[in-house]
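Since the model is a prediction, treat every value here as computed from it, not as a measurement.
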Amino acid sequence: MNKKMVTIIAALAMCTAMAGCTGSDTASSSKAETTTTTTAAAESAAPAESTADESAVTNVGTTDYDVDGDFRAFEQMKDKYEGNYLANLTGQMSNNGTKYTICIKDGKAYQALTVQGMKSYTVCPGDGKLYNVSEGTTTYSIEDFDENELKAADILFGATLDFDHAYIDTTTNVVHEYYNLDSSVSGGEGQIVYGFDGATYDLKQVVLLPEGADESSAVYFTVDSMGEADDSLLAVPDLSAYTKE
């Protein structure tokens, strides 16, 4: 994990590198181009349609969501989970198969990254320290943690700014809401797209896309589960079986 939290900044940096974006490329991209690209990205990330039974596809359900209305599924999720949640995500596309666990509560944070069965995790238990642990190499390191970095660790809420627009994928009944990213947290301009079940408004997917990149280099996550934070993950880890780097 290279002594850093698995953050929005890291995800966007990976995405930008894959897209071959430069600072000047990003600066020259228009908001309209970003909106068009993120729309395509979210459409690409939506669950695949079944070709076996077209009637099943067209009858997946309907939603009362009004793209021009005042209700936003993100705001409902924010009221319920901001500052206290445990989310399990799976990467798609460029980060395909990578497992992410993120736990946020009371200014504390835990993030785990599992790639091909190899798990690394970081914990900020509220003591001003950041513990980096690799289960693969059985090593750890400890460094100071700036509380301002907590926003960057909070992938669902930490860098989300103003609402941009929404659309409904009628073939999958998924509501996509687009929000601009706080560049001071994310490390660059761009958008974050939340995909919600049109019937329940449960979060189904998250797409991170830097401005100027195309949908093929977006960072996709499907949401496997989401609930309240697990306090046991936020404690100082037992490092007795690990070697300090």
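By the side-chain hydrogen bond (donor to acceptor under 3.5 Å, both in side chains) test, Thr98 is found to be paired with no residue, residues two or more places apart in sequence or in another chain being considered. Applying the side-chain hydrogen bond (donor to acceptor under 3.5 Å, both in side chains) test to Asp238 and every residue at least two apart in sequence or in another chain returns Ser240. For Tyr194, the ring pair (Phe, Tyr, Trp, His ring centres under 6.0 Å) test picks out Phe74, Tyr179, with sequence neighbours left out. Tyr131 pairs by the side-chain hydrogen bond (donor to acceptor under 3.5 Å, both in side chains) definition with Asp127, not counting sequence neighbours. Applying the salt bridge (Lys or Arg N to Asp or Glu O under 4.0 Å) test to Asp231 and every residue at least two apart in sequence or in another chain returns Lys105. Scored by the side-chain hydrogen bond (donor to acceptor under 3.5 Å, both in side chains) test, Thr90 finds Lys99, Asp224 as partners (sequence neighbours excluded).
If you chain together hydrophobic residues whose side chains sit under 4.5 Å apart, Met118 and Tyr110 never meet in one group. Note on Val67: it clusters hydrophobically with Val175, by side-chain heavy-atom contacts below 4.5 Å among ILVMFWY residues. Under the 4.5 Å side-chain contact rule for hydrophobic residues, Leu233 and Leu239 share a cluster. Under the 4.5 Å side-chain heavy-atom criterion for ILVMFWY residues, a single connected hydrophobic cluster contains both Val115 and Ile155.
Side-chain contact annotation: Tyr100 with Asn95, donor-acceptor N/O pair under 3.5 Å present.
Between Val206 and Leu156 there is a side-chain heavy-atom pair separated by less than 4.5 Å. Residues Leu234 and Cys103 are in side-chain contact: their nearest non-hydrogen atoms beyond the backbone lie under 4.5 Å apart. At a threshold of 4.5 Å between non-hydrogen side-chain atoms, the residues Phe221 and Gln205 do not count as touching.
Heavy-atom neighbours of Glu228 CD from other residues, nucleotides or ligands within 6.0 Å: at or below the threshold of 12.
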Steps toward side chain to side chain contact (heavy atoms under 4.5 Å, CB included) verdict (Tyr121, Gln111): CA-CA 6 Å; Tyr121 66 91; Gln111 296 188 342; over 6 Å; no
